[in-house]
Amino acid sequence: MVADDPKVFIFDLDGVITDTSEFHYLAWKKLASEIGIQIDRNFNEQLKGIGRIESLNRILELDQTNKQRTADELEALATRKNMHYQELINSLGSANILPGIETLLKEIRANNIKIALGSSSRNAKAVLEQLGLIQYFDYLVDAAKVTKGKPNPETFTTAADYFNIPYDQCVGIEDAASGVEALNQAAMFSVGVGDVAYLGEADYVVRDTSQLNFSEIIRKYQQWMAV
Ligand code: G6P
Ligand code: MG
């Protein structure tokens with residue numbers, strides 16, 4: 001690690017480390033159709049990175065019948081979605097780690113840079129354990145303790161504050177527009193993984209995780225710092 005290297009890498013989970021963003025989508029789609037609402041992948045883009053109840057509220061806004069639901073009913077629907085999701089992630093294993101991720105984690109560690117997880121998912125720890133990646137992480141942000149979800153920067157600043165590292169010495173990796181916005185609001189270096197049409201606000205965008213190269217990220221980070 002050299003002086004102007006970043007000190008912490010903060011990873012999003014779903015859609016960055018593993019392909020579980022697809023499972024969140026399928027679980028929401030199933031729940032939605034059970035209550036007569038149809039959602040598609042385009043709509044799903046705005047659910048990425050967004051917490052469980054907030055996601056449910058966005059889906060219910062599509063409900064033509066305008067049915068009013070009590071807090072208990074909302075809780076029950078969110079729990080049902082989570083049951084659909086947990087069924088899908090039951091058999092998750094190392095085969096579900098996205099390309100290039102484990103190599104990147106190893107390289108970050110080899111350079112003595114801290115690694116944190118900044119996910120909105122309350123299932124995050126279990127997923128990391130199932131993938132066999134938990135040992136790479138120095139700190140996991142607990143989504144249940146974050147009061148303001150993405151696009152608010154709190155998820156990411158919680159990780160930086162834990163290490164007592166200035167925000168501009170943090171690199172965040174995200175597949176969601178809400179996550180990129182959160183990183184940018186925290187004034188961290190934002191790496192977007194996916195379609196530039198959704199992630200254009202990121203400081204650096206790669207098409208997919210196989211394009212995440214440690215040296216290249218450091219180079220882009222240093223250019224960003226120099227401006
Ligand atoms: C991540 C995913 C979202 C998901 C949220 C909450 O941010 O991108 O799709 O809704 O976590 O996940 P949870 O597992 O707590 O329902
Ligand atoms: Mg994500």
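Please read these numbers as outputs of a predicted model, since none were measured by experiment. Atoms within each ligand, like the ligands themselves, are counted from 1 in listed order.
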Looking only at protein heavy atoms, what sits closest to atom 2 (C) of ligand 1 is Asp14 OD2, 3.4 Å
Which atom names give the shortest non-hydrogen contact between Val16 and Leu98, and what distance separates them? O-CD1, 3.5 Å
Students often mix this up, so state it plainly: with edges at 30° and 60°, are the rings of Phe189 and Tyr204 parallel, tilted or perpendicular? parallel
Ligand 1 contacted by Gly49 (non-hydrogen, < 4.0 Å): yes
Under 3.5 Å: donor-acceptor pair, side chain of Arg58, backbone of Gln46: yes
Quick one: closest heavy-atom pair of Leu117 and Leu128, and the distance? CD2-CD1, 3.9 Å
Counting from 1, what ligand 1 atoms have a heavy atom of Ser121 closer than 4.0 Å? 6 (C), 11 (O), 12 (O), 13 (P), 14 (O), 15 (O)
Arg122, portion touching ligand 1 at heavy-atom distance under 4.0 Å: both
So does Glu75 have more than 12 non-hydrogen atoms from other groups sitting under 6.0 Å from CD? no
The Mg ion (ligand 2) to Asp12: nearest N/O/S atom name: OD2
Side-chain heavy atoms of Trp224 within contact of Asp168, under 4.5 Å: yes
Side chains of Lys30 and Met83: closer than 4.5 Å at any heavy-atom pair? no
Given Asn123, Ile50, Ile53, which has its nearest heavy atom closest to atom 3 (C) of ligand 1? Ile50
Considering only protein heavy atoms, which is closest to atom 6 (C) of ligand 1, and at what distance to one decimal place? Ser120 O, 3.5 Å
Pair Phe23 and Tyr85, ring centroids less than 6.0 Å apart: no
For ligand 1, which is the ligand I care about here, please tell me if Arg52 has any N or O atom under 3.5 Å from one of the ligand's N or O atoms. yes
Is any N or O atom of Ser119, backbone or side chain, closer than 3.5 Å to an N or O atom of ligand 1? no
The atom of Asp14 among N, O or S that is nearest the Mg ion (ligand 2) is O
In ligand 1, the atoms that come under 4.0 Å of a heavy atom of Ser55 are 10 (O)
Give a yes/no answer: is there an N/O/S atom of Asp175 under 2.8 Å from the Mg ion (ligand 2)? yes
